[in-house]
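None of the values given here were measured: they were computed from a predicted structure. Heavy atoms only: backbone and side chains are in, while hydrogens, waters and symmetry mates are out.
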Amino acid sequence: MALIDFKVLPGIDKQDTESGAENRWVDCDNVRFRYGLPEKVGGWSSLVTDTIVGVARRQFAFVDLEGNRYIAIGTDKFLLIYFEGQLYDITPLKAALSSSTIATTSGSAVCSITTSSAHGLSSGDIVLLDNVTLPGGTGYADSDFEDKLFQVTSITSTTVFTITQSSNATATVSTGGSMDVIPYEQVGPAEQSYGYGWGIDTWGNGAWGEAASASDVSLEPGLWSLSNFGQVLVATIANGKTFTWDAGIAARLTTRASTTTTGFETTSNPTATRVTLVSPTTRHLIHLGTETTIGDTTTQDDMFIRFSDQENINLYTPTATNTAGTQRLQDGTRIMGSL
């Protein structure tokens, strides 16, 4: 039989059938084409040595006015900035709970913290401790807690929660000392789950006090919407608030995302929005699946859209002299994404 010389064209043809893709490759795994020939991918290397805590669900790349490149990463616990080989924590913070106290139990790493007012925390939330002065005899030093992040391990009451240290206390010490507890903004669970229990179901949909069935209510995972307004990162927690982070300031890498970022405040934005994006051509900040009454989370409508005035991401009241406005989509039940 005579030999027939033919060349297999580079690239993978997934449009045709195997028979139709004559002289083409139809499948591969970890292969790239170099000089027209297939070559196995050499592998991957880690950009950073730090471990990202939580499930990374959103990534967004943008550039500041000086050409510096950033990648924003949103997890179910943190909002991070990757810049020149390092990760920086820019997660927004809630108001500090000052004059909090701590209690320890001998032989246990679990520490109980009592706040001066209702903490509003949930198990799994992240807190930052500051201005720490421990009571005597715990076996810990102030530096073991000062400027350290802890995950809430349990909720004892509306004013008491627990955290876990890396070592055991050497004595049982009743509540004492003083510290500021600074909660991180809550993002959401790592994965979607069903909601159970009294209070989950909407009042009036069944018997009063009746638990909702698993098929009725789902708890969505912690998600972010990430976009940019020029060199300013716009970050919205799904069904939550919108924050900004300015890459143009000198102290950007030690500054957190906030609703009060100078010149790019979002204090007048809706407080419960499914998705946000910035229109790159008209420069509106658009909230999708948001509140019909700004600031009232109970009015969140999964099909309601609200957009800011052009070039002003903090102005949403429509007037005769601006371009802010609203619209409700009529077809569908819930906005899941936008483009």
Which ring pair (Phe, Tyr, Trp, His ring centres under 6.0 Å) pairs, counting each pair once, include a residue from residues 128-148, with sequence neighbours left out?
Y140-F145, F145-F150
Side-chain touch W224/I73, heavy atoms, less than 4.5 angstrom:
no
Side chain to side chain, S100 and T115, heavy atoms closer than 4.5 Å
yes
Within the structure provided, determine whether D309 and T323 are in side-chain contact (heavy-atom separation under 4.5 Å).
yes
Return yes if some donor-acceptor pair links the side-chain N/O of N269 with the main-chain N/O of I313 below 3.5 Å, else return no.
yes
Could you name each residue pair satisfying ring pair (Phe, Tyr, Trp, His ring centres under 6.0 Å) that touches residues 237-265, not counting sequence neighbours?
Y70-W245
Quick one: does any side-chain atom of D50 pair with a main-chain N or O of Q86 as donor and acceptor, under 3.5 Å?
no
Between N322 (side chain) and T317 (backbone), is there a donor-acceptor pair under 3.5 Å?
yes
Within the structure provided, determine whether D246 and T262 are in side-chain contact (heavy-atom separation under 4.5 Å).
no
Less than 3.5 Å apart, any donor N or O on the side chain of T162 or T153 sitting next to an acceptor on the other?
yes
Verify side-chain hydrogen bond (donor to acceptor under 3.5 Å, both in side chains) between T260 and S258, making sure each step is shown before the conclusion.
CA-CA 5 Å; T260 58; S258 172; 2.9 Å; yes
Under 3.5 Å donor-acceptor, K241 side chain and T236 backbone
no
Using the rule that two of Ile, Leu, Val, Met, Phe, Trp, Tyr join whenever any of their side-chain heavy atoms come within less than 4.5 Å, decide whether L93 and V181 are in one cluster.
no
For the pair K148 (side chain) and S143 (backbone), establish whether a donor and an acceptor sit closer than 3.5 Å, ignoring hydrogens and angles.
yes
What pairs meet the side-chain hydrogen bond (donor to acceptor under 3.5 Å, both in side chains) rule with one or both residues in residues 24-35, with sequence neighbours excluded?
R32-E39
Would you indicate whether the side-chain heavy atoms of M303 and D331 approach each other to under 4.5 Å?
no
Check for a donor-acceptor pair, side chain of R69 on one end and backbone N or O of A61 on the other, with a separation under 3.5 Å.
no
Counting neighbours of CD on E311 that are heavy atoms of other residues, nucleotides or ligands and sit closer than 6.0 Å, is the number greater than 12?
yes
Can you confirm whether L149 sits close enough to V53 that some side-chain heavy atom of one is under 4.5 Å from a side-chain heavy atom of the other?
no
Student check: side-chain heavy atoms of I81 and L233 closer than 4.5 Å:
yes
Without hydrogens or angle criteria, can the side chains of T105 and S108 be said to hold a donor-acceptor pair below 3.5 Å?
no
Does a side-chain heavy-atom distance below 4.5 Å link F62 with V232?
no
Taking all non-hydrogen atoms of both residues, which atom of I102 and which atom of P135 are closest, and how far apart?
CG2-CD, 3.6 Å
Nearest heavy-atom neighbours spanning T242 and V234
CG2-CG1, 3.7 Å
